[in-house]
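Please read these numbers as outputs of a predicted model, since none were measured by experiment.
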Amino acid sequence: MELRQLTYFVAVAEELHFGRAADRLHIVQSAVSMQIQRLERELGAELFDRSPRRVRLTAAGERLLPEARAVLAAAEKARAAVAAPRAGLRIGTSTGLGEHLDRVLAAFARRAPDVLVELHALPAAERLARVADGRLDAAFVRAGQPVPGTRVHPLWPDPLVAALPATHPLAGRPEIGVDDLAGLPLALAERRTNPALVDLVVGACREAGFEPLPGPAAGSLQDTLAGIGVRPLWTVVYASHARVLRTPRVAFVPFRAPGLALPTGLAVRTTAPSPHVETLLLACGDDER
């Protein structure tokens, strides 16, 4: 049994989706599946109940999950015990920051060229938890409520755009209303994955006078956009991210004012913050100018 296998197992167990787990781990889905299968062979038990529509933990998987987390936590603690003290900056990030993240990092590098920056892509709840316990110095969050031990500095609103097939008649418009999309199925993440985004989009549909048609369960953004490229669906993407995506079969169309947007903030510890946090906040301000 390898730590890598346990890492992959925990990621799939938390996401309940092999594609999302692969995105989180920054590896291909086939590698995750292969390592999970090896772990199951070594343990002599199936850890996941796989069906075409969903992934669930088996009883064996439920028993293994807390033990796997404990092993990984112990391994991280052991590494930290022998690691040299670092004076860098550890930042939690999420998908969709797009051009904002590039500009913030460039501005920070100009202000603090000798400070090493580490980026950690994690689910929102884990980002906040790691800021609170000191494993991260700061984290970008959207519409996030601070947890005990943290505070969130407002940064900027992140507008959303509609992603729909490039061949659809709406794709050629300069902007659209939410009501224009009433006849298209909506591919959206499960609410537990991103409650603020799901509530915003579904609420906007209801305010426009319709209940969104359920599309296929959204996996990774890459998979969702690939599906939109070949069938009539729509989803939402952060405008700052859409500008750096290269998807010729998908059109990104702004929403008519007042549009849809989620606020982005920077979560930091309330006590003993990193000495580089203030510089990071200044760099975030540079991004807005």
Side-chain angles (χ1 to χ4, degrees), residues 7 10-11 14 23-26 69 72-160 193-197 200 221 238-241 243-244 261-289:
T7 299
V10 170
E14 292 176 348
D23 285 347
R24 171 173 156 184
L25 296 163
H26 303 293
R69 284 173 171 156
L72 294 175
E76 185 172 342
K77 185 176 180 180
R79 284 193 291 265
V82 299
R86 302 182 70 103
L89 185 67
R90 300 159 299 174
I91 306 173
T93 67
S94 67
T95 58
L97 289 170
E99 295 174 334
H100 284 303
L101 183 59
D102 291 337
R103 288 195 291 262
V104 166
L105 294 178
F108 184 84
R110 289 192 297 269
R111 290 176 175 273
D114 298 326
V115 176
L116 175 66
V117 175
E118 296 178 2
L119 300 179
H120 300 261
L122 300 163
E126 188 170 352
R127 268 176 273 149
L128 286 168
R130 290 195 181 199
V131 170
D133 66 19
R135 286 179 291 165
L136 289 178
D137 300 305
F140 291 102
V141 293
R142 287 195 182 88
Q145 295 298 318
V147 300
T150 72
R151 66 176 181 272
V152 177
H153 295 270
L155 294 179
W156 54 71
D158 251 338
L160 293 160
T193 304
N194 197 335
L197 177 67
L200 175 68
L221 178 60
Y238 294 104
S240 58
H241 193 196
R243 286 191 287 269
V244 300
L262 283 176
T264 294
L266 189 72
V268 301
R269 290 198 306 278
T270 53
T271 59
S274 162
H276 304 303
V277 164
E278 287 301 322
T279 305
L280 178 60
L281 284 168
L282 290 173
C284 292
D286 290 345
D287 179 51
E288 286 301 281
R289 288 197 287 271

Q | Heavy-atom closest contact (Val152 atom, Gly265 atom, distance) | A | CG1-CA, 3.9 Å
Q. Can you tell me how far NE2 of His276 sits from CG of Leu281, rounded to the nearest 0.5 angstrom?
A. 13.5 Å
Q: Please list, chain by chain and in numerical order, all residues satisfying side-chain hydrogen bond (donor to acceptor under 3.5 Å, both in side chains) with Arg90, sequence neighbours excluded.
A: Asp137
Q | Side-chain touch Ile91/Val117, heavy atoms, less than 4.5 angstrom | A | yes
Q: Please round to the nearest 0.5 Å and tell me the distance separating atom CG of Leu136 and atom OG1 of Thr150.
A: 11.5 Å
(Q) Once side chain to side chain contact (heavy atoms under 4.5 Å, CB included) is applied, do any residues pair with Ala106, and if so which ones, sequence neighbours excluded? (A) Arg110
Q: Kindly write out the residues that satisfy side chain to side chain contact (heavy atoms under 4.5 Å, CB included) with Ala124, not counting sequence neighbours, or none if the list is empty.
A: Arg127
Q.
Applying side chain to side chain contact (heavy atoms under 4.5 Å, CB included), can you list everything that pairs with Ala196, at least two apart in sequence or on another chain?
A. Ala143, Asn194, Leu262
Q. Side chains of Arg111 and Leu282: does their closest heavy-atom pair fall under 4.5 Å?
A. yes
Q) Is Thr270 reaching over with its side chain to a backbone N or O of Gly149, donor-acceptor style, under 3.5 angstrom? A) yes
Q. Rounded to the nearest 0.5 Å, what separation is found between the CG atom of Leu101 and the NE2 atom of His241?
A. 10.5 Å
Q) Side chains of His153 and Arg151: donor-acceptor distance under 3.5 Å anywhere? A) yes
Q: Not counting sequence neighbours, which residues clear side chain to side chain contact (heavy atoms under 4.5 Å, CB included) with Ala125? List them please.
A: none
Q | Side-chain heavy-atom pair Leu160, Leu200 within 4.5 angstrom cut-off | A | yes
Q: Please report the closest heavy-atom contact between Pro157 and Pro159, naming both atoms and the distance.
A: O-CD, 3.3 Å
Q: Test side chain to side chain contact (heavy atoms under 4.5 Å, CB included) on Glu118 and Leu89 and set out the steps.
A: CA-CA 6 Å; Glu118 296 178 2; Leu89 185 67; over 6 Å; no
Q.
Using every non-hydrogen atom in the two residues, find where Thr279 and Ala112 come nearest and quote the distance to one decimal.
A. CG2-CB, 4.2 Å
Q.
Is the shortest side-chain heavy-atom distance between His100 and Tyr238 below 4.5 Å?
A. no
Q. If you measure from CG on Asp158 to OG on Ser240, what distance do you get to the nearest 0.5 Å?
A. 4.5 Å
**Q.** Residues in side-chain hydrogen bond (donor to acceptor under 3.5 Å, both in side chains) contact with Thr7, at least two apart in sequence or another chain
**A.** none
Q) When rounded to the nearest 0.5 angstrom, what distance separates NE2 in His120 from OG in Ser94? A) 14.5 Å
Q) Looking at residues at least two apart in the chain, or sitting in another chain, which of them share a salt bridge (charged side-chain N to carboxylate O under 4.0 Å, His left out) with Glu14? A) Arg24, Arg69
Q) Is there a side-chain contact between Pro263 and Trp156, using heavy atoms and a 4.5 Å cut-off? A) no
**Q.** Considering all heavy atoms, the nearest Pro148-Ala132 contact
**A.** O-CB, 3.7 Å
Q. With sequence neighbours excluded, what pairs up with Asp133 under the side-chain hydrogen bond (donor to acceptor under 3.5 Å, both in side chains) test?
A. Arg135
Q) Are any of the side-chain heavy atoms of Arg103 and Leu97 separated by less than 4.5 Å? A) no
Q: Please name all residues satisfying side-chain hydrogen bond (donor to acceptor under 3.5 Å, both in side chains) with Glu76, sequence neighbours left out, ordered by chain then number.
A: none
Q | Minimal non-hydrogen separation, Thr93 against Leu119, with atom names | A | CG2-CD2, 3.9 Å
Q) Looking only at heavy atoms, which two atoms of Phe108 and Ala283 are closest? And how far apart? A) N-CB, 3.5 Å
